Amino acid sequence: MENINKVEKKWQDYWDEHQTFQCGKEKGKQPYYILVEFPYPSGSGLHVGHVRSYTAQDAIARMMRLQGYDVLYPMGWDAFGAPAEQYAIKNHIHPKEAVKENIQTFKGQMKSLGFSFDWSREFSTTDPEYYKWTQWQFLQFYKHGMAYKDKIPVNWCPTCKSVLSNEDAAGGVCERCGSVVEQREKSQWMLRMSDYAEDLLTGLSDTNFADRVKLGQINWIGKSVGAHVTFQIDGHDKNFTVFTTRCDTLFGATYCVLAPEHQYVLEITTPEHMDEVKAYIQECAKKNEMERTELNKDKTGVFTGAYAINPVNGDKIPIYISDYVLASYGTGAIMAVPAHDDRDYEFAKKFHIPIIQVLEEETGTPHENEKEKQSIVAVVHDPKKDQYLTINWKDKGGRLFVGGTRKNQEDAVACAKREIQEETGYTDIELVCEDFTIRHHYYAYNKDQYFAIEATPLLFELKSDKKVSQKLDPDEDFEVEWVDRSTIEKEVKDELHKKSFEYVLNPGAMTGDGTHVNSEFLNGLHKEDAINTMIGWLEDHECGKQQVNYKMRDWIFSRQRFWGEPIPMIHCPKCGWVPMKEEDLPLLLPDVAEYEPTEDGESPLANIEDWVNCKCPKCGGDAKRETDTMPNWAGSSWYFLRFMDPHNTKEFASMDAMKYWNRVDWYNGGMEHTARHLLYARFWVQFLYNIGLVPHKEMIWTRVSHGMVLGSDNQKMSKSKGNVINPDDIVKEYGADTLRTYEMFMGDYQMDAPWSTDSLRGCKRFLDKVERLKDKINDQEGYSEKLEPIQNKTIKKIEYDMMHMGYNTVISSLMILANAYDDMESITKEDYHLFLTLLNPIAPHITEELNEQIGYSPICEGEWPIYDEEKTVENTKEIAVQVNGKVRATIEISIDDDEDMIREKALSCLNVMKHIEGHEVVKVIVIKGKIVNIVIR
RNA sequence: GCGGGUAUGGCGGAAUUGGCAGACGCGCUAGACUUAGGAUCUAGUGUCCCAGACGUGCAGGUUCAACUCCUGUUACCCGCACCA
């Protein structure tokens, strides 16, 4: 098409002039709300990644409008935030100006791509008319006791001079600038999001989020059910509480650990340990989170000199402090059970703390009337040959290690040494490790007896080949063989011996399920029952109770920045914190030229005296404003509600408008926002619901996430890699429709896909071909009969695929349809118009233009075609005939052929006959309309 | 370590319920039309020892039939990461 950009502009202007995409105007249509994450208007302009998701949602919006829905597809700007502030500081302009410029760029780009947004609903989170309501909602949080100020250790970015949320400081580095985050104490506004942990979890069942999105939410909330257990401190009139998910292992607790920041540490530390403890605490304070959570870090810690009393057995167990216990999770204190927790195991090994096994893994099947025995499984390793000593019982038991029963008073090691000597003759061996016992059930045929044995796995190292003669019973008929590891993995079949080998080769805590031992009233119980029994015991003895814990904490809601919504709170020396009067909102940001953060980390607003000084709304006395602003996540937590009623000056959105649109039917965004933004937004909405301001507890029904557009080198696009594609360049050279078509065609929408300019050209060729098809138009009326099946099938497929995000197959089926048109001598005008309508949601400009050229009224004002199910079925079909699962022929079947007929046809194929000749036909499977399989012998 | 995802030609990727693997596009090869081709058209294009056999990361299993279901395993990607 000549001058593609001019044609595109023509139709963009047409849509603007006719307000084609304004919604909510007509009564009686079914509303449908399609949402894409509104962008942060950065200085670098629209990314091809934006184009991908906006086009996808645009295609659905355009199709559904033609189908008669009242489609809300809005766009706005999430424009508060650090980059705009930084940019403004650098260029000595107000961030407002920078944002205005960027919005203009973004909007221009979006228009040039023909997205069918309802621009009449546009707003920016930085508009006072919008952030007035963000502030108003903050006041509601405050008034309902959901916002509070608290002095807490916070993540401090020394470069941005700002406090960061845990989320923004993920991994111990500032998300914005990458600096290493420090810990500081600061008074911060907080929202009680943790109160909503359970509701946020259960609310997921009222949504249709993709599974991976739901999982992201669940993991972030991090629920764990466990117990609180209270430990008395020996010699003190004090106790402390630990959180544990495994209170069933309490009999195995051999020490406790407090976080270095725990309030009791200095009080309980004995004088002789004080110096060491203080030094350790200091060391930890210096370390930032990054260092503390460093990979594979060795456990560190010190003994306080104090002891705790284990409530179940009265044992005195040492109290340590260590930074592997986090002050911020649970109670900041743990009971340590080294036998059954990996971290405790590691710590206990390092500090030589006793390890008590209280849980035995079980193998085999339990049976009545079992005889109890204690036994060993001894693995002997020869380091010189890297082989293991086995006993090959051949068909009388296969390959095993040395095993045997413990005699009276004999310990496991002695027993193992004796058995090794008796069965193999080796004597010069050294114990490497003795692992946790395993409970094994088996049946001994020779004794006609069921046994339950407690077996100790042991590992020895062979020092030399020194041997004495074996001492065998007459019935002991086996070969002693040294074999390597792979042979053992293949040939040792016995469950107990297999497990034992695994145990001794990878010694560590036993964290799985099993049977309790050494645990008095829990003995014999499995994990689940034991936990319940123990909780009952703890509650009866008033030293513990069931407790649920969440990883998710309260939301730190303060930022020491200029470019955010001011928090509408006033501090009065007499009245304390006082909320602003609602009628005084919005609290505007001042128009000043300087807003660098202060050195001590106060918000830039603190420097602006005119602004800070005010009167107390309660007593009228001199007071000061809060100078912190809200985090970036605030404005984006409710913007989708505002789109339903964007010009309302009395409410953030009217209940009527929200009831009309009902909720966001389909929300698309990046995977990177599916955890945090979505959680904040849901929390915000649930709160509004609880105070009666929105119609549903969950206002977002479906949430999907798109894959990234990668550079042609398969790497994330970035300026430094030089692989960035600017959508403007593509639009200019190939046109918006080509870019849109390509981005929909490039691959599975939910997965990352690399950019390919070659493939883009292919899409251009496709659109050119569509244009050329116009030359085939004849002067006949209606649809070409020959094309009707494929036309109807294509309509059906496109509808299905669109709603299932199969955009790439939407286009491939359109390509197939185009090829079918191309194979025709000629096509009718109606055929052509149909094709243009189907392609229109993806490529709206060129289809409108061609449609106009053949004399039709605009597609955007027309209707989506309705397919005829009957016509999607073709009269004849070719199906495959298999012989023993291999395709040997194809046959043509007619729609009314019955099974016998099809069987007949299949069996009479020449090639099929050749393959069944001389064989017996066992059966013939006929799957109607699909396949015939002839099974022969 | 935990959680999730992915693996199919030279490339991007199809295969809705187990039913002809490789749709569609790119790239490539040959030819046609052309002064020309980054235009268009025609034919071809998984591999091989090519009447056939083998092929969806690898090893098994279920089935008349497996990319699809089950068991085990490897690699890569993403998220979380001492969460008791």
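Keep in mind it's a predicted model, so treat the numbers as computed, not measured. So you know, we letter chains A, B, ... as the sequences are listed, proteins then strands, and number each from 1.
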Asker: For B/A84 and B/G4, measure between their C1' atoms and round to the nearest Å.
Answerer: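 That atom pair is separated by 23 Å.
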Asker: Ignoring backbone atoms, establish whether A/Asn819 has a side-chain N or O less than 4.0 Å from OP1 or OP2 of B/G25.
Answerer: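 Yes.
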Asker: If you measure from the Lys or Arg side-chain nitrogens to the Asp or Glu carboxylate oxygens, is any gap between A/Arg761 and A/Glu733 under 4.0 Å?
Answerer: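 Salt bridge flag = no for A/Glu733 with A/Arg761.
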Asker: Could you check whether A/Tyr800 gets within reach of a base, just the sugar-phosphate, or nothing at all, counting any heavy atom under 4.0 Å?
Answerer: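 Answer is base: heavy atoms of A/Tyr800 come under 4.0 Å of a base.
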Asker: Take the protein atom CD1 of A/Ile931 and the nucleotide atom C1' of B/C20, then report the distance between them rounded to whole Å.
Answerer: 6 Å
Asker: Choosing from B/G52, B/G25, B/G38, which nucleotide comes nearest the side chain of A/Arg761?
Answerer: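 Shortest atom-to-atom distance from the side chain points to B/G38.
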Asker: Does the side chain of A/Asn819 come under 3.5 Å of the side chain of A/Lys769 through a donor N or O and an acceptor N or O?
Answerer: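 Present: a donor and an acceptor within the cut-off.
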Asker: Do the rings of A/Tyr329 and A/Phe243 sit parallel, tilted or perpendicular, given the 30° and 60° boundaries?
Answerer: perpendicular
Asker: Does B/A39 have its OP1 or OP2 closer than 4.0 Å to a side-chain nitrogen or oxygen of A/Arg765?
Answerer: yes
Asker: Under 4.0 Å between a side-chain N/O of A/Tyr329 and OP1 or OP2 of B/A84, yes or no?
Answerer: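 It does, given that an N or O in the side chain of A/Tyr329 lies less than 4.0 Å from OP1 or OP2 of B/A84.
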Asker: Figure out the CZ/C1' separation between A/Arg888 and B/A51, and round it to whole Å.
Answerer: 11 Å
Asker: Rounded to whole Å, how long is the line connecting atom NZ of A/Lys299 with atom C1' of B/C82?
Answerer: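 Going from NZ in A/Lys299 over to C1' in B/C82 covers 5 Å.
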Asker: Does A/Ser224 place a side-chain N or O at less than 4.0 Å from the phosphate oxygens OP1/OP2 of B/A84?
Answerer: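 It does, given that an N or O in the side chain of A/Ser224 lies less than 4.0 Å from OP1 or OP2 of B/A84.
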Asker: What's touching nucleotides 73-75 of chain B from the protein side, N or O pairs under 3.5 Å?
Answerer:
none

Asker: Tell me: CZ of A/Arg246 to P of B/C82, nearest whole Å?
Answerer: 20 Å
Asker: Write down the distance separating the P atoms in B/G1 and B/U47, rounded off to the nearest Å.
Answerer: 39 Å
Asker: Based on Watson-Crick and G-U pairs with both distances under 3.5 Å, what dot-bracket line describes RNA chain B 5' to 3', crossing pairs as [ ] and inter-strand pairs as |?
Answerer: (((((((..(((......[....)))((((((.......))))))(((...)))..(((((..]....))))))))))))....
Asker: Within the modelled atom types, does a donor on one side and an acceptor on the other bring the side chain of A/Asn933 and the base of B/C64 under 3.5 Å apart?
Answerer: yes
Asker: Between A/Lys551 and A/Ser759, just flag the one whose closest nucleotide in RNA chain B comes earlier from the 5' side.
Answerer: A/Ser759
Asker: Say you pick atom C1' in B/A23 and the same atom in B/U71; how far apart are they, in whole Å?
Answerer: 32 Å
Asker: Do A/Thr230 and A/Asn239 get their side chains close enough for a donor-acceptor pair, meaning under 3.5 Å?
Answerer: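 A/Thr230 vs A/Asn239: no donor-acceptor pair found between side chains.
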